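Have a look at the structure below before the remarks.
Note that ligands are numbered from 1 as they come in the structure, with each ligand's atoms numbered from 1 the same way. The chain is numbered in sequence order, starting from 1. None of these values were measured; they are calculated from a predicted model.
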Amino acid sequence: MLKTPLARRLPVWIEELGQIGRTEADGLWRTPYTPADTQAQDAVAGWMQQAGLEVRRDAVGNLFGRLPGTTRPDEVILTGSHLDTVRNGGKYDGGLGILAGIVMLAEVLETSGRPARSLEVVALVGEEGSRFPLAFIGSKAITGELSPEELEIRDAEGISIAGAMRGVGLDPSRIQEARRSDLRGFLEFHIEQGRILQDQGYPLGIVHTITGIRQACVLVDGRPDHAGTTPMTSRRDAMLGAAEMVLRIAEQITALGHPAVATTGRLQARPGGVNVVAEQVEFTVDFRHPDPAVLERMAAMIRGTCEEVAQRRRLASTLHVFLEHPPVPMSPEVQAALQASAEELGLKALSMASGAGHDAMVLAGRIPVGMLFVPSREGRSHCPDEFTPEGEIVPGLAVLARTLHRLATV
Ligand code: GLV
Ligand code: MN
Ligand code: MN
């Protein structure tokens, strides 16, 4: 199915990249502007060179490999994904899309020569928000949406994005230079991160919509009291209020059915004493749905539940939404190009929503964007068990190469 000898390097590269940023718990934690990130960028730059690509790094630290077009070199079709990982994440989320892009640019060159438009593969910086509480750093810089104020956002050690950039030789005052006006399309190759393809027996997924995502922080205020002397009936226990809220939200969202999801991944109690009734609890809710009307209903439901529980338990609660991404439809033209390529290769592809967020949702505001999924073993992702065997990656690579060639031939 694939001609370039470089395609055989892909499993080796996945393993090599999968060693950079290893945690003691067998996973990866590779975050922007850290030594692991620099090491990974150097490795990826070397592989881009092996593939015959022109390598450059932009003002925010995104790394590009370019195959210049013949007649329209100033029009660029971009592929790739992010180089960072969640804390204790796996080897495939993000990394696969970059490595697949490198080998498939070499494949296009080998099988058809340079197309009219330029093809580029990118290793994007900071998609996950797992060091700084800001996702999509690299893609937002490309669209010109990364603001100087956002560069002041700090990590857990108090280092700002701007400070971290300086630490790796980047000048934060120049981020506007990362903005691109020559992009004509973006195609992100990614693992599904769920189990729909595996369960329904499809080798490929073509994304029609990236789910809408909101993330909120709920603060529950009660009263601190002595754990030994305060009767259960006279407490205003913020912990019990938060516990009931978390459970009620999960029950209500479960009742809506898939793909409605809500997650509390972080909860902190204050003052945090073993023998003190909790005065204040702060927890997060990440909730998602690809239909904007349902997402709105979920938001109202979550807010209403917190208010009702707080009132009944004589607590106060506030809910602050700190991240809001509406559902993002993918370009019909790119979906059709992917579908046509899959059909030519005799492969079945499922049209599906993405439950995960991706840089593609940022770029979709500006240019035609599409996403191609390959299956994730048991749907596991954002954990060290993330895995897709080579045999399940190759069909996707073939469709990726064909579609890149299609989009770059005008
Ligand atoms: C990113 O991976 C997300 O969906 O949160
Ligand atoms: Mn991820
Ligand atoms: Mn990802």
Ignoring hydrogens and geometry beyond distance, is a side-chain donor-acceptor pair present between [X] and [Y] at under 3.5 Å?
| X | Y | value |
| --- | --- | --- |
| N88 | H382 | no |
| D291 | H289 | no |
| R117 | T409 | no |
| T85 | W29 | no |

Could you go through ligand 1 and note, for every N or O atom, any protein N or O atom closer than 3.5 angstrom, writing the atom names and distance to 0.1 Å, or 'none'?
from: ligand 1; atom 1: 2 (O); to: E128; atom 2: OE1; distance (Å): 3.2
from: ligand 1; atom 1: 2 (O); to: H382; atom 2: NE2; distance (Å): 3.2
from: ligand 1; atom 1: 4 (O); to: R288; atom 2: NH1; distance (Å): 2.8
from: ligand 1; atom 1: 4 (O); to: R288; atom 2: NH2; distance (Å): 3.4
from: ligand 1; atom 1: 4 (O); to: G357; atom 2: N; distance (Å): 2.7
from: ligand 1; atom 1: 5 (O); to: R288; atom 2: NH2; distance (Å): 2.8

Problem - Name of the D93 atom (N/O/S only) found closest to the Mn ion (ligand 2) - result: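 Going through the N, O and S atoms of D93 one by one, OD2 ends up nearest to the Mn ion (ligand 2).
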Exercise for the section: Would you mind naming the N, O or S atom of E128 nearest to the Mn ion (ligand 2)? Expected result: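 Sorting the N, O and S atoms of E128 by distance to the Mn ion (ligand 2) puts OE2 first.
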Exercise for the section: Report yes or no: is the cationic atom of R377 (NZ for Lys, CZ for Arg) closer than 6.0 Å to the six-membered ring centre of F387, at no more than 45° off its axis? Expected result: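 Because its charged atom misses either the 6.0 Å distance or the 45° angle limit, R377 does not stack over F387.
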Practice task
Tell me whether the guanidinium CZ or amine NZ of R380 lies under 6.0 angstrom from the six-membered ring centre of Y92 and within 45° of its axis.
Solution key: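 Ring-cation test returns no.
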Handout entry: Evaluation steps, ring pair (Phe, Tyr, Trp, His ring centres under 6.0 Å), between F136 and H325
Key = CA-CA 12 Å; F136 310 123; H325 281 288; 5.2 Å; yes
Exercise for the section: Taking the Mn ion (ligand 3) as the vertex, measure the angle between atom NE2 in H190 and atom NE2 in H82; round to 10°. Expected result: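 Taking the Mn ion (ligand 3) as the apex, the two atoms subtend 120°.
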